[in-house]
Amino acid sequence: MALHAVVFDVGNVLYGWDPDSFLIRQIADDEARLRFIEETDLYGWHETLDGGRGFAEAAAELSEKFPAYAELISAWGERFGETITDPVPGVHEIVEELDARQVPLFAITNFSADFWTPFHAKERTFFSRFRDIVVSGREKLLKPDPAIYYLALDRFGLKPAEALFIDDREINVKGARAVGMHAHLFVHADDLRRRLEAEGLLP
């Protein structure tokens with residue numbers, strides 16, 4: 001069965017994600033910033049948003065537990081777009097080349113449903129090249145749960161061996177391989193280009 005479709009991750013593959021630089025702008029003092037992250041378990045809490053929890057409910061609960069941080073927690077939602085940085089160098093060009101060659105393009109992303117809507121709208125021109133995108137927060141499934149890959153493959157109309165999945169996290173790459181997909185650990189655009197050339201997806 002020939003590999004003929006490419007499935008991208010979004011964060012740190014298509015667009016940079018740099019929450020630390022956003023937090024530095026909110027809390028300049030290193031110790032105070034680390035205390036906020038650790039006491040609230042910020043990144044663990046954020047993962048629950050990616051897993052499908054609504055921001056309003058989650059933020060209200062966390063703010064009640066940590067009232068001193070209520071303003072910072074609110075800012076995480078109101079200004080989440082500031083954590084997303086520029087397109088990853090060279091990758092958008094690769095997407096454009098694949099699209100020009102009529103290679104079917106898809107994505108699977110761990111992303112809050114609430115945060116995805118404005119981000120997708122802002123970048124709608126770029127994402128119009130993708131035939132479908134599975135968003136974890138909408139499906140209430142997170143990579144590397146095998147269920148999200150199976151759901152995506154079914155929705156995309158692909159057999160596992162027909163798809164090359166690209167992600168910057170080894171655990172997600174292993175998850176894709178476990179369900180039979182080809183998978184590539186993203187490091188930078190040049191390395192990805194070499195892989196796509198080797199697979200015959202780029203000349």
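Positions are given from 1, in the same order as the sequence printed here.
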Test log, rule salt bridge (charged side-chain N to carboxylate O under 4.0 Å, His left out), inputs Lys159 and Glu162: CA-CA 5 Å; Lys159 299 281 193 278; Glu162 294 176 324; over 6 Å; no
Donor-acceptor pair, distance only, cut-off 3.5 Å: does the side chain of [X] make one with the backbone of [Y]?
{"X": "Thr85", "Y": "Gly16", "value": "yes"}
{"X": "Thr48", "Y": "Gly44", "value": "no"}
{"X": "Asp114", "Y": "Phe55", "value": "yes"}

Full working for side-chain contact (heavy atoms from CB on, under 4.5 Å) between Gln26 and Phe22: CA-CA 7 Å; Gln26 311 311 305; Phe22 170 74; 3.4 Å; yes
Give a yes or no on whether [X] and [Y] share a hydrophobic cluster (residues Ile, Leu, Val, Met, Phe, Trp, Tyr; joining criterion: side-chain heavy atoms under 4.5 Å apart).
{"X": "Phe8", "Y": "Phe111", "value": "yes"}
{"X": "Phe165", "Y": "Leu105", "value": "no"}
{"X": "Val13", "Y": "Met181", "value": "no"}
{"X": "Ile166", "Y": "Val88", "value": "yes"}
{"X": "Leu23", "Y": "Ile84", "value": "yes"}

Nearest 0.5 Å, please: how far is [atom2] in [Y] from [atom1] in [X]?
{"X": "Ser112", "Y": "Asp50", "atom1": "OG", "atom2": "CG", "result": "6.5 Å"}
{"X": "Asp20", "Y": "Asp18", "atom1": "CG", "atom2": "CG", "result": "6.0 Å"}
{"X": "Glu139", "Y": "Asn110", "atom1": "CD", "atom2": "CG", "result": "11.5 Å"}
{"X": "Phe130", "Y": "Asp99", "atom1": "CZ", "atom2": "CG", "result": "8.5 Å"}
{"X": "Asp41", "Y": "Phe36", "atom1": "CG", "atom2": "CZ", "result": "11.0 Å"}
{"X": "Asp167", "Y": "Asn172", "atom1": "CG", "atom2": "CG", "result": "4.0 Å"}

Centre-to-centre under 6.0 Å for [X] and [Y], is that the case here?
{"X": "His120", "Y": "Phe126", "answer": "no"}
{"X": "Trp76", "Y": "Phe115", "answer": "no"}
{"X": "His46", "Y": "Phe80", "answer": "yes"}
{"X": "Phe119", "Y": "Tyr15", "answer": "yes"}

Mind listing the side-chain donor-acceptor pairs of residues 61-68 below 3.5 Å, one per line with the distance, residues two or more places apart or on another chain?
from: Glu61; atom 1: OE1; to: Arg53; atom 2: NH2; distance (Å): 2.9
from: Ser63; atom 1: OG; to: Ala59; atom 2: O; distance (Å): 2.8

For residues 196-203, please give each side-chain donor-acceptor pair under 3.5 Å, one per line with the distance, not counting sequence neighbours.
from: Glu199; atom 1: OE2; to: Arg195; atom 2: NE; distance (Å): 2.9
from: Glu199; atom 1: OE2; to: Arg195; atom 2: NH2; distance (Å): 3.2

Salt bridge (charged side-chain N to carboxylate O under 4.0 Å, His left out) between Arg33 and Glu38, worked out: CA-CA 9 Å; Arg33 186 173 61 258; Glu38 291 183 344; over 6 Å; no
CZ/Arg193: more than 12 non-hydrogen atoms of other groups inside 6.0 Å: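 Yes, because the 6.0 Å sphere around CZ of Arg193 holds more than 12 heavy atoms from other groups.
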Side chain to side chain contact (heavy atoms under 4.5 Å, CB included) partner of Tyr149, the single match among Ile108, Val134, Asp154, Leu141: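 By the side chain to side chain contact (heavy atoms under 4.5 Å, CB included) criterion, Tyr149 pairs with just one of Ile108, Val134, Asp154, Leu141: Ile108.
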Pair Trp17-Thr83, side-chain donor/acceptor within less than 3.5 Å: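 Note: Trp17 and Thr83 side chains meet the donor-acceptor criterion.
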Check ion pair Asp9-Lys143 (N to O, under 4.0 angstrom):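 Yes.
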